[in-house]
Amino acid sequence: MTAPQKTDLRSEFLRELSARGYIHQCTDMDALDSKLEKGPISAYIGFDCTADSLHVGSLVQIMLLRWLQKTGHKPIVLMGGGTSKVGDPSFKDEARKLITEEEIQHNMDGIKKVFAKYLTFGDGPTDAVMVNNADWLDNINYLEFLRDYGVHFSVNRMLSFDSVKLRLDREQSLSFLEFNYMILQAYDFMELNKRRDCLLQMGGSDQWGNIVNGVDLTRRISQNEVYGLTSPLLTTSSGVKMGKTVGGAVWLNEERLSVYDFWQYWRNTEDADVGRFLRLFTELSEAEIQKLEAMQGADINEAKKVLATEATRLCHGLEAAEAAAETARKAFEERSMSADLPSHDIEKPRLEEGIPAFLLFKEIGLANSNSEARKLIKGGGGRLNDVQIKDDSLSISLSDLNDEGSIKVSAGKKRHILVKPA
RNA sequence: GGAGGGAUGCCCGAGUGGCUAAAGGGGGCGGACUGUAAAUCCGCUGGCGUCUGCCUACGUUGGUUCGAAUCCAACUCCCUCCA
């Protein structure tokens with residue numbers, strides 16, 4: 001494993017990645033650098049299709065592919081249609097339903113929409129392509145596979161990888177099934193090298209062992225030299241995994257998370273993370289970033305707004321990003337109503353009658369249960385048109401409509417929903 | 001195959017017959033302070049629109065008991081050691 005050496009990198013791709021903090025480890029930095037310099041190469045990253053959208057946790061990987069394309073190379077998005085069919089190996093909690101073919105197809109369609117925002121797909125030399133490992137994994141014959149490929153895997157060597165060493169040191173069990181995951185992923189790489197002349201696999205640092213196995217297998221079977229590159233595992237400065245908020249994961253699909261909420265996620269970045277996130281999640285130049293991250297005290301809020309708008313622009317487009325920024329500006333800086341806050345329609349007759357506050361909070365998604373809504377309100381976190389309410393059963397009706405013709409319902413200071421009669 | 005240990009709420013982890021919706025911590029949510037930040041302090045953290053009430057919950061199923069997370073039996077899964 002070679003540590004990143006930012007000094008003598010020549011290819012645009014690696015220079016950019018290195019400067020922006022995307023690189024954790026690389027199997028052979030120098031050789032990869034020269035390959036990249038000689039001409040366009042194909043590189044891939046694998047994604048599971050266990051949900052119909054990706055979230056912020058996969059964003060670094062997506063950005064890697066985007067930079068790859070931007071610097072003149074060809075991204076391959078590998079969907080784990082084959083591996084997703086196997087499902088989670090540990091059935092410890094409860095026998096979870098296996099995902100059906102239809103669900104996998106549905107999820108792939110959703111994920112495809114995400115990638116369409118970040119990459120340009122097509123048939124051109126640097127156009128991205130999407131492939132599915134079910135195409136070659138589905139019909140593998142066990143014995144044949146073992147004889148052809150199993151012989152190339154040394155258990156001794158596989159045991160030496162950090163990913164499993166930790167498990168072994170802690171004396172926790174490592175199932176044989178997990179070993180096969182590693183082998184299947186290695187096979188993917190070899191297959192992509194054969195089919196599409198793919199030279200590089202990227203992924204999170206947790207994928208290192210799997211990637212290295214793919215590099216080795218490809219060398220043994222095809223006598224081709226391929227490379228692996230991993231990105232660091234991202235946490236916030238407070239040590240929290242990225243991408244979780246009140247509503248759950250920070251999804252990249254608009255159907256799963258509104259553009260406004262996506263913008264808010266970045267706006268709420270911790271001070272200490274601003275520079276790092278600007279490099280990873282926007283395409284601003286180093287000079288601009290240095291200017292932004294140098295801001296001190298309350299000024300750094302301006303940098304956070306830039307971060308939010310830039311990151312949102314990549315995912316949802318400039319127009320939507322700026323609209324979200326404007327909505328937030330009105331909501332937080334003018335403390336005024338904005339018609340663009342997420343809204344929820346309630347049938348007019350019900351509003352005429354009046355709805356108890358806690359039921360309304362539950363219904364519009366500001367609380368997950370009636371009790372939670374009651375506790376929220378009793379704890380002072382419920383607001384009606386910016387006025388704190390203390391009675392959890394307070395009847396909310398048409399008489400609470402404000403000048404804009406809606407009712408602004410808030411949980412805490414940051415989550416607002418406009419209730420509109422319909 | 002044999003011996004021993006274990007399974008507790010979102011996570012970690014206490015609890016060995018009633019005082020247990022279950023200590024403590026983490027995480028999360030809300031409040032105060034701020035800058036829509038961090039740190040700090042405070043509150044909340046299974047569900048149920050009638051609430052000194054009901055329901056659900058300590059791996060699963062059954063049993064003992066007035067009463068079980070706690071005792072017994074069988075089962076499932078995990079770990080350690082031996083073969």
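Computed from a prediction, not measured in an experiment: that's the story for all the values here. In what follows, chains are A, B, ... by sequence order, proteins preceding strands, each numbered from 1.
- Nucleotide rG35(B) holds its P atom 20 Å from the CG atom of D273(A), rounded to whole Å.
- What separates CG of L341(A) from C1' of rU36(B) is a distance of 13 Å, to the nearest Å.
- Distance CD (E293(A)) to P (rA38(B)): 19 Å, rounded to an integer number of Å.
- For the pair D391(A) CG and rG49(B) P, the interatomic distance rounds to 16 Å; values are reported in whole Å.
- Both S369(A) and G380(A) lie close to RNA chain B; mapped to their nearest nucleotides by heavy-atom distance, the more 5′-ward contact belongs to G380(A).
- Pairing partner, rG24(B): rC12(B), with both Watson-Crick or wobble hydrogen-bond distances short of 3.5 Å.
- Among the heavy atoms of the strands lying under 4.0 Å from K304(A) is at least one base atom, whether or not backbone atoms are also near.
- Between N268(A) and rU36(B) there is no side-chain N or O to OP1 or OP2 distance below 4.0 Å.
- Distance, K414(A) NZ to rG30(B) P: 8 Å, rounded to whole Å.
- A salt bridge links K305(A) to E302(A): at least one charged side-chain nitrogen sits closer than 4.0 Å to a carboxylate oxygen.
- Across the P atoms, rC48(B) and rC33(B) are found 31 Å apart, a figure rounded to whole Å.
- Between the P atom of rG49(B) and the CD1 atom of I396(A) lies a distance of 16 Å, rounded to the nearest Å.
- For rG31(B), the OP1/OP2 oxygens have a side-chain nitrogen or oxygen of R383(A) closer than 4.0 Å.
- rA32(B) sits 49 Å from rC71(B) when the C1' atoms are compared, rounded to a whole Å.
- Between rG47(B) and K375(A), a contact under 4.0 Å exists linking OP1 or OP2 to a side-chain N or O.
- Comparing rG4(B) with rC72(B), their P atoms are spaced 14 Å from each other, to the whole Å.
- Heavy-atom distances to RNA chain B give each of I300(A) and G381(A) a nearest nucleotide, and the one nearer the 5′ end belongs to G381(A).
- Look at rA74(B): its Watson-Crick or wobble partner, with both distances under 3.5 angstrom, is rU60(B).
- Here rG4(B) sits opposite rC79(B) as a Watson-Crick or G-U wobble pair (both hydrogen-bonding atom distances under 3.5 Å).
- Within the 4.0 Å cut-off from OP1 or OP2 of rG30(B), not a single side-chain nitrogen or oxygen of K390(A) is found.
- Base pairing of rU65(B) is not made with any nucleotide, judged by Watson-Crick or G-U wobble geometry with both donor-acceptor distances under 3.5 Å.
- Nucleotides rA7(B) and rU40(B) have their P atoms positioned 33 Å apart, rounded to a whole Å.
- Checked by distance alone, D271(A) brings a side-chain donor or acceptor within 3.5 Å of a matching partner on the base of rG35(B).
- Taking the centre and axis of the six-membered ring of F358(A), the NZ or CZ atom of R374(A) falls inside the cone set by 45° and 6.0 Å.
- With rG35(B), rU36(B), rC48(B) as the choices, the nucleotide that has an atom nearest any side-chain atom of S371(A) turns out to be rC48(B).
- Under the Watson-Crick or G-U wobble criterion, with both distances below 3.5 Å, rG35(B) is left unpaired in every strand shown.
- For rA32(B), the OP1/OP2 oxygens have a side-chain nitrogen or oxygen of K413(A) closer than 4.0 Å.
- Under the Watson-Crick or G-U wobble criterion, with both distances below 3.5 Å, rG30(B) is paired with rC42(B).
- Distance from the side chain of R374(A) is smallest for rU50(B) among the nucleotides rG35(B), rU50(B), rG47(B).
- Between R415(A) and rG30(B), a side-chain N or O to OP1/OP2 separation shorter than 4.0 Å is present.
- Looking at Q264(A), its side chain comes within 3.5 Å of the base of rU36(B) through a donor and an acceptor atom.
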Problem - Worked check of side-chain contact (heavy atoms from CB on, under 4.5 Å) between L418(A) and V409(A) - result: CA-CA 6 Å; L418(A) 296 183; V409(A) 183; over 6 Å; no
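- Among the atoms of the strands shown, base atoms are found under 4.0 Å from some heavy atom of G297(A).
- Considering all non-hydrogen atoms of both residues, P342(A) and S258(A) come closest at CG-OG, 4.2 Å.
- Aromatic rings from F13(A) and W67(A) are positioned such that their centres are separated by 6.0 Å or more.
- Following rounding to the nearest Å, N370(A) (CG) and rU45(B) (C1') show an atom-to-atom distance of 16 Å.
- Contacts of L359(A) with the nucleic acid, taken as non-hydrogen atoms under 4.0 Å apart, include base atoms.
- In this structure, S393(A) does not reach the rG49(B) phosphate: none of its side-chain N or O atoms is under 4.0 Å from OP1 or OP2.
- Across rG24(B) and rG6(B), the matching P atoms stand 24 Å from one another, rounded to whole Å.
- Closest to the side chain of P356(A), from the set rU36(B), rG49(B), rA37(B), is rG49(B).
- Between the side chains of S231(A) and H24(A), no donor-acceptor pair is found at a separation under 3.5 Å.
- Salt bridge E310(A)/R313(A): present, at least one basic N to carboxylate O contact under 4.0 Å.
- Paired with M190(A) under the rule side chain to side chain contact (heavy atoms under 4.5 Å, CB included), one option of L217(A), D216(A), V226(A), N213(A) passes, and it is L217(A).
- Taking atom C1' on both nucleotides, rU52(B) is separated from rC58(B) by 26 Å, rounded to a whole Å.
- For the C1' atoms, the distance linking rG62(B) with rG15(B) amounts to 24 Å, nearest Å.
- Comparing the C1' positions of rC78(B) and rU60(B) gives a spacing of 15 Å, expressed to the nearest Å.
- Using a 4.0 Å heavy-atom cutoff across all strands shown, A328(A) reaches at least one base atom of the nucleic acid.
- Rounded to a whole Å, the CD atom of E372(A) is 10 Å from the C1' atom of rG28(B).
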